[in-house]
Peer 1: 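Attaching a single structure in structure tokens format; questions to follow.
Position 1 is the first residue of the sequence; numbering continues from there. Hydrogens, waters and symmetry mates are skipped; everything else that's a heavy atom, side chains included, is used.
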Amino acid sequence: MSLLACRHLTVRFGGLTALNKFSLSVDAGEILGLIGPNGSGKTTFFNALTALYPLAGGEVEFAGESLTARTPQQIYGAGITRTFQRSRLCLSLSVFDNLMIGNHRNLRRGFLFNLFQRRALAAQIEANIEAARVLLRSFNDKLPERLFGAAGSLGMIDRRRVEVCRALISRPRLLLLDEPSAGMTHEETRELMDDILLVRETTPGLAIILIEHEMGVIGRVTQRCVVLNFGEKLCEGTYAQVAADPTVQQAYLGAD
């Protein structure tokens, strides 16, 4: 049984069909590439899967349970997290505060707990500081030293690393990465992909769906690719298979 199974997902904005009966499945531990020209529906799929956009049709099943018509909070609670193409870090907050935004489902944060269980609160804070340091260290040995510094003081690649760590800190089962290389150099992209592959190796069962325009990245890190165009699936298979498909070449390069 697939970890994620999406069947016939449809998203409409008025008279525009942005996603048309789109189906996709992902197994535990798999890295799936989602590619297509600009405006093909890739980010729309992420937004529909995480309930930021309402579905006009179709169903979503995750780990054997229906997530259709669930709220974004319930989908996060089920174990699906994501990053965004444009940075969503709170730059004035510390790196630690940004990470804890991504871990709120695992935090005891009620008023009575904070007021009367001070030792338990202190223990929770210390445990999360250590977890944050371990996760950051898996991306960059120097990042734990910046844990209580402002996120805005970091360079682009480290901001991206913090965003990925924020999505990982709650220990999800499915990670959605929306163009993590945006705004970075080829060398920075290579480093970030190395980091993500290492984290996946040390997190058994973690599945990843990667939206990416850098085809070298897709070819290097994914086991399977799905190609979207005008909101519909063109084809799927290994990177080599989809890259050789004439319909994919026409979608990217146009007809002769």
Peer 1: Between the main-chain N or O of A5 and the side-chain N or O of S2, is there a donor-acceptor pair closer than 3.5 Å?
Peer 2: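 The answer is no, because no donor-acceptor pair under 3.5 Å joins these two groups.
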Peer 1: With a 4.5 Å cut-off on side-chain heavy atoms, are L147 and L136 touching?
Peer 2: yes
Peer 1: Identify whether M215 and I196 are in the same connected component of the hydrophobic contact network (ILVMFWY, side-chain heavy atoms under 4.5 Å).
Peer 2: yes
Peer 1: Pair up each side-chain donor or acceptor in residues 224-235 with any protein partner under 3.5 Å, not counting sequence neighbours, and list the distances.
Peer 2:
| residue | atom | partner | partner atom | Å |
| --- | --- | --- | --- | --- |
| R224 | NE | E30 | OE2 | 2.8 |
| R224 | NH1 | E236 | OE1 | 2.7 |
| R224 | NH2 | S25 | O | 2.6 |
| R224 | NH2 | E30 | OE1 | 3.1 |
| R224 | NH2 | E30 | OE2 | 3.2 |
| E232 | OE2 | N20 | ND2 | 2.6 |
| K233 | NZ | S23 | O | 2.8 |
| K233 | NZ | E236 | OE2 | 2.7 |

Peer 1: Would you say T10's side chain and K21's backbone share a donor-acceptor pair under 3.5 angstrom?
Peer 2: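 Answer holds: yes.
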Peer 1: Taking all non-hydrogen atoms of both residues into account, name the closest pair between A18 and T44 and its distance.
Peer 2: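 A18 and T44 have their closest heavy atoms at CB-CG2, 4.0 Å.
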Peer 1: Partners of S87 by side-chain hydrogen bond (donor to acceptor under 3.5 Å, both in side chains), sequence neighbours excluded?
Peer 2: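 If we apply the side-chain hydrogen bond (donor to acceptor under 3.5 Å, both in side chains) test to S87, skipping adjacent residues, there are no hits.
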Peer 1: So, Q85 versus T43: side-chain donor-acceptor pair below 3.5 Å or not?
Peer 2: no
Peer 1: What salt bridge (charged side-chain N to carboxylate O under 4.0 Å, His left out) pairs are there with at least one residue in residues 128-138, not counting sequence neighbours?
Peer 2: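 Matches after skipping sequence neighbours: none remain.
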Peer 1: For F45, which residues count as a ring pair (Phe, Tyr, Trp, His ring centres under 6.0 Å) partner, sequence neighbours excluded?
Peer 2: F22
Peer 1: Distance-only check: which donor-acceptor pairs under 3.5 Å involve side-chain atoms of residues 51-64, not counting sequence neighbours?
Peer 2:
| residue | atom | partner | partner atom | Å |
| --- | --- | --- | --- | --- |
| Y53 | OH | N47 | ND2 | 3.4 |
| E59 | OE2 | R7 | NH1 | 3.4 |

Peer 1: Answer yes or no: is there a donor N or O on one side and an acceptor on the other, between the side chain of Y239 and the main chain of G33, under 3.5 Å?
Peer 2: no
Peer 1: When you compare the side chain of I31 with that of L197, does any pair of heavy atoms fall below 4.5 Å?
Peer 2: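 The answer is yes, as the side chains (C-beta and beyond) meet within the 4.5 Å cut-off.
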Peer 1: State which residues pass ring pair (Phe, Tyr, Trp, His ring centres under 6.0 Å) with F84; sequence neighbours excluded, sorted by chain then number.
Peer 2: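 For F84 there are no ring pair (Phe, Tyr, Trp, His ring centres under 6.0 Å) partners, ignoring immediate neighbours.
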Peer 1: What pairs of residues pass the salt bridge (charged side-chain N to carboxylate O under 4.0 Å, His left out) test when at least one of them lies in residues 167-185, not counting sequence neighbours?
Peer 2: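 Counting only pairs at least two positions apart or across chains, the salt bridge (charged side-chain N to carboxylate O under 4.0 Å, His left out) contacts touching residues 167-185 are R82-D178.
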Peer 1: Who are the ring pair (Phe, Tyr, Trp, His ring centres under 6.0 Å) partners of F46, not counting sequence neighbours?
Peer 2: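 With neighbours one apart ignored, the set is empty.
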Peer 1: Below 4.5 Å, heavy atoms only, C-beta onward: do T81 and S170 meet side chain to side chain?
Peer 2: yes
Peer 1: Which atoms form the tightest heavy-atom contact between S92 and A150, and what is the distance?
Peer 2: O-CB, 4.4 Å
Peer 1: Working to the nearest 0.5 angstrom, can you tell me the gap between D27 CG and L4 CG?
Peer 2: 10.0 Å
Peer 1: Rounded to the nearest 0.5 Å, what separation is found between the CG atom of D158 and the CG atom of N140?
Peer 2: 5.0 Å
Peer 1: Can you run down the salt bridge (charged side-chain N to carboxylate O under 4.0 Å, His left out) pairs that involve residues 190-202, sequence neighbours left out, and say none if there aren't any?
Peer 2: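 Output for this query lists R161-E191, R161-D195, E187-R190, R190-D194, D194-R220.
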Peer 1: Which distance, rounded to the nearest 0.5 Å, do you find between the CD1 of I80 and the CG of L175?
Peer 2: 11.0 Å
Peer 1: Side-chain contact test, heavy atoms from C-beta onward, threshold under 4.5 Å: evaluate it for C90 versus D97 and give yes or no.
Peer 2: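 No; the side chains remain at least 4.5 Å from each other.
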Peer 1: Spell out, yes or no, whether V95 and L93 are grouped together once hydrophobic residues are joined by side-chain heavy atoms under 4.5 Å, including indirect joins.
Peer 2: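 In one cluster with V95: L93, no.
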Peer 1: Taking only residues at least two apart or on different chains, which pairs with a member in residues 36-50 satisfy salt bridge (charged side-chain N to carboxylate O under 4.0 Å, His left out)?
Peer 2: none
Peer 1: Enter the distance from L176:CG to L210:CG here, rounded to the nearest 0.5 Å.
Peer 2: 10.5 Å
Peer 1: Is the shortest heavy-atom distance from the side chain of I209 to the side chain of L24 under 4.5 Å?
Peer 2: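 Answer yes - side chains close enough.
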Peer 1: Could you grab the distance from atom CZ of F139 to atom CG of L198, nearest 0.5 Å is fine?
Peer 2: 8.5 Å
Peer 1: Which pair of heavy atoms, one from L67 and one from A78, lies closest together, and at what distance?
Peer 2: CD2-CB, 4.1 Å
Peer 1: Within the side chain of T238, is there an N or O that forms a donor-acceptor pair under 3.5 Å with the backbone of Q241?
Peer 2: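 Yes; at least one donor-acceptor contact below 3.5 Å.
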Peer 1: Can you tell if the side chain of P72 reaches within under 4.5 Å of the side chain of T50, non-hydrogen atoms only?
Peer 2: no
Peer 1: Are the side chain of T222 and the backbone of G219 linked by a donor-acceptor contact shorter than 3.5 Å?
Peer 2: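 No, because the side chain of T222 does not come within donor-acceptor range (under 3.5 Å) of the backbone of G219.
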Peer 1: Checking D141 now: which residues fulfil side-chain hydrogen bond (donor to acceptor under 3.5 Å, both in side chains) with it, not counting sequence neighbours?
Peer 2: none
Peer 1: Do L49 and F13 sit in one hydrophobic cluster, given that two such residues count as connected whenever their side-chain heavy atoms are within less than 4.5 Å of each other, even indirectly?
Peer 2: yes
Peer 1: Nearest heavy-atom pair of G102 and Y76: which atoms, and what distance?
Peer 2: O-OH, 3.0 Å
Peer 1: Can you confirm whether E212 sits close enough to I35 that some side-chain heavy atom of one is under 4.5 Å from a side-chain heavy atom of the other?
Peer 2: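 No, too far: nothing below the 4.5 Å cut-off.
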Peer 1: Does E188 have any salt bridge (Lys or Arg N to Asp or Glu O under 4.0 Å) partners at least two apart in sequence or in another chain, and if so, which?
Peer 2: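 E188 satisfies salt bridge (Lys or Arg N to Asp or Glu O under 4.0 Å) with no residue once adjacent residues are dropped.
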Peer 1: Is V221 reachable from L168 through a run of I, L, V, M, F, W or Y residues, each pair having side-chain heavy atoms under 4.5 Å apart?
Peer 2: yes
Peer 1: Is H213 atom NE2 crowded by more than 12 heavy atoms from other residues, nucleotides or ligands, each under 6.0 Å away?
Peer 2: yes
Peer 1: Considering all heavy atoms of both residues, which atom of F96 and which atom of I125 are nearest to each other, and what is their separation?
Peer 2: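 Looking at all heavy atoms of both residues, the shortest contact is CZ-O, 4.4 Å.
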Peer 1: For a quick test of reading the model, state the closest non-hydrogen atom pair linking P172 to G79 and the distance between them.
Peer 2: CB-O, 3.4 Å
Peer 1: Report yes if the side chains of V11 and T17 come closer than 4.5 Å at any heavy-atom pair, otherwise no.
Peer 2: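 In short, these two side chains do not touch, never coming nearer than 4.5 Å.
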Peer 1: Spell out, yes or no, whether V26 and L177 are grouped together once hydrophobic residues are joined by side-chain heavy atoms under 4.5 Å, including indirect joins.
Peer 2: no
Peer 1: With rounding to the nearest 0.5 Å, note down the distance linking CD1 in I211 to OG in S181.
Peer 2: 11.5 Å
